[in-house]
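This report refers to the structure that appears directly beneath it.
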Amino acid sequence: MKNKLIYIIDDDKLTVKLMNILISKNGFCEKIESFYDAQDAINKLKQNAGDNGNLPDAILLDLNMPVMDGWQFLDEFISLPLTKEINVFIMTSSIDPADIEMASEYKVVKEYIMKPITTQKLDVLCKLIGDLN
């Protein structure tokens, strides 16, 4: 099943652009929404909390961001009254085992993926998300 909507949350514009290109080339989903600030993504999720058609199928989340980092996003995300199961994939340059360990404590986090994002990693991601649907 094809994903309709994917959120990319990453403050690095180059990463976002690259992921947009890779995802589009892969025909991985119909629509990508990019957020450079995790708080904006939370606001959008709150806005659409009861409207499954406007909620993403998956979120690709960076951990290290100013204002609101990936952990703060996750803490807020899991408390949202969402009516749809949304899978979160952490995409980060952090290879810190403590981060990997911490990510595994969140049920919504399906995978921890190291940057840089490559076509191979995206293929794995596609399969993972496809298997979840």
Side-chain angles (χ1 to χ4, degrees):
M1 185 180 120
K2 194 165 163 177
N3 293 285
K4 288 193 170 35
L5 176 61
I6 300 279
Y7 278 9
I8 298 174
I9 306 171
D10 195 322
D11 62 313
D12 179 13
K13 291 186 169 58
L14 191 65
T15 299
V16 170
K17 193 179 173 114
L18 199 69
M19 282 172 29
N20 266 292
I21 292 167
L22 283 174
I23 290 170
S24 300
K25 253 198 345 214
N26 252 4
F28 176 53
C29 66
E30 289 165 25
K31 192 168 172 237
I32 302 165
E33 272 192 63
S34 306
F35 299 89
Y36 300 115
D37 179 342
Q39 186 61 60
D40 293 343
I42 286 286
N43 296 343
K44 185 84 186 255
L45 288 163
K46 277 183 184 161
Q47 229 175 5
N48 295 317
D51 179 4
N52 286 1
N54 277 317
L55 287 172
D57 296 294
I59 295 174
L60 309 182
L61 176 68
D62 184 28
L63 289 180
N64 305 315
M65 294 179 283
V67 191
M68 177 188 262
D69 68 18
W71 303 120
Q72 291 165 310
F73 172 86
L74 281 168
D75 288 336
E76 196 142 338
F77 176 77
I78 55 179
S79 70
L80 293 176
L82 300 173
T83 50
K84 172 180 182 175
E85 190 183 335
I86 302 169
N87 297 298
V88 177
F89 296 87
I90 290 178
M91 310 276 227
T92 183
S93 47
S94 169
I95 52 171
D96 184 344
D99 281 346
I100 298 169
E101 180 62 37
M102 196 151 131
S104 71
E105 289 170 20
Y106 288 89
K107 276 206 310 272
V108 293
V109 174
K110 297 301 175 211
E111 197 65 42
Y112 190 98
I113 299 161
M114 306 289 184
K115 287 179 179 173
I117 302 307
T118 60
T119 311
Q120 289 84 348
K121 287 181 187 175
L122 207 60
D123 284 340
V124 169
L125 197 64
C126 293
K127 284 191 186 71
L128 281 170
I129 293 178
D131 291 346
L132 294 169
N133 290 335

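Values in this document were obtained by computation on a predicted structure and should not be read as measured data. Quick note: residue numbers are just sequence positions, from 1.
Here the closest non-hydrogen pair linking Y7 and N54 is OH-O, 4.1 Å. Of all heavy-atom pairs spanning S94 and D99, the tightest one is OG-OD2, 2.5 Å. In this structure, I86 and P56 approach most closely via the heavy-atom pair CG1-O, 3.3 Å.
Other residues, nucleotides and ligands contribute over 12 non-hydrogen atoms within 6.0 Å of the CD1 atom of I21.
Residues D57 and K84 form a side-chain contact, since some pair of their non-hydrogen atoms from C-beta on lies under 4.5 Å apart. When side chains are defined from C-beta on, D37 does not count as touching M65, because their heavy atoms never get closer than 4.5 Å. For the pair I59/I9, a side-chain contact is recorded, criterion being any heavy-atom separation below 4.5 Å from C-beta on. L60 has its side chain out of reach of I117: every pair of non-hydrogen atoms, C-beta onward, lies at least 4.5 Å apart. Between N52 and L55, the closest side-chain pair of non-hydrogen atoms falls below 4.5 Å.
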**Request:** Might you work through the side-chain hydrogen bond (donor to acceptor under 3.5 Å, both in side chains) test for S34 and N20, ending with a clear yes or no?
**Result:** CA-CA 8 Å; S34 306; N20 266 292; 3.1 Å; yes

**Request:** Would you sort out whether Q47 and N43 count as a side-chain hydrogen bond (donor to acceptor under 3.5 Å, both in side chains), showing the intermediate values?
**Result:** CA-CA 6 Å; Q47 229 175 5; N43 296 343; over 6 Å; no

**Prompt:** Would E111 and K121 satisfy salt bridge (Lys or Arg N to Asp or Glu O under 4.0 Å), going step by step from the backbone distance to the final call?
**Reply:** CA-CA 11 Å; E111 197 65 42; K121 287 181 187 175; over 6 Å; no

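How far CZ of F89 is from NZ of K110: 8.0 Å, rounded to the nearest 0.5 Å. Note: F73 CZ to D62 CG = 12.0 Å, rounded to the nearest 0.5 Å. Taken from CD1 in I90 to CH2 in W71, the straight-line distance is 4.5 Å, to the nearest 0.5 Å. Put simply, OG1 on T92 and CG on L61 are 8.5 Å apart, with the number rounded to the nearest 0.5 Å. N48 CG to L82 CG: the interatomic distance, rounded to the nearest 0.5 Å, is 9.5 Å. The line from CG of L80 to CG of L45 is 6.0 Å long, rounded to the nearest 0.5 Å.
No single ILVMFWY cluster, assembled from side-chain heavy atoms under 4.5 Å apart, contains both I42 and V67. At a threshold of 4.5 Å between side-chain heavy atoms, the hydrophobic network of Ile, Leu, Val, Met, Phe, Trp and Tyr places Y112 and I95 in one connected group. Connection of M91 to L18 is not established within any shared hydrophobic cluster, with ILVMFWY side chains joined at heavy-atom distances below 4.5 Å, either directly or through further cluster members.
Under the 3.5 Å distance criterion, the side-chain polar atoms of E105 are left unmatched by any main-chain donor or acceptor of M102.
A search for side chain to side chain contact (heavy atoms under 4.5 Å, CB included) contacts involving V108 returns L74, F77, I78, V88, Y106, not counting sequence neighbours.
Pairs passing the salt bridge (charged side-chain N to carboxylate O under 4.0 Å, His left out) check and including a residue from residues 10-21, sequence neighbours excluded, read D10-K115.
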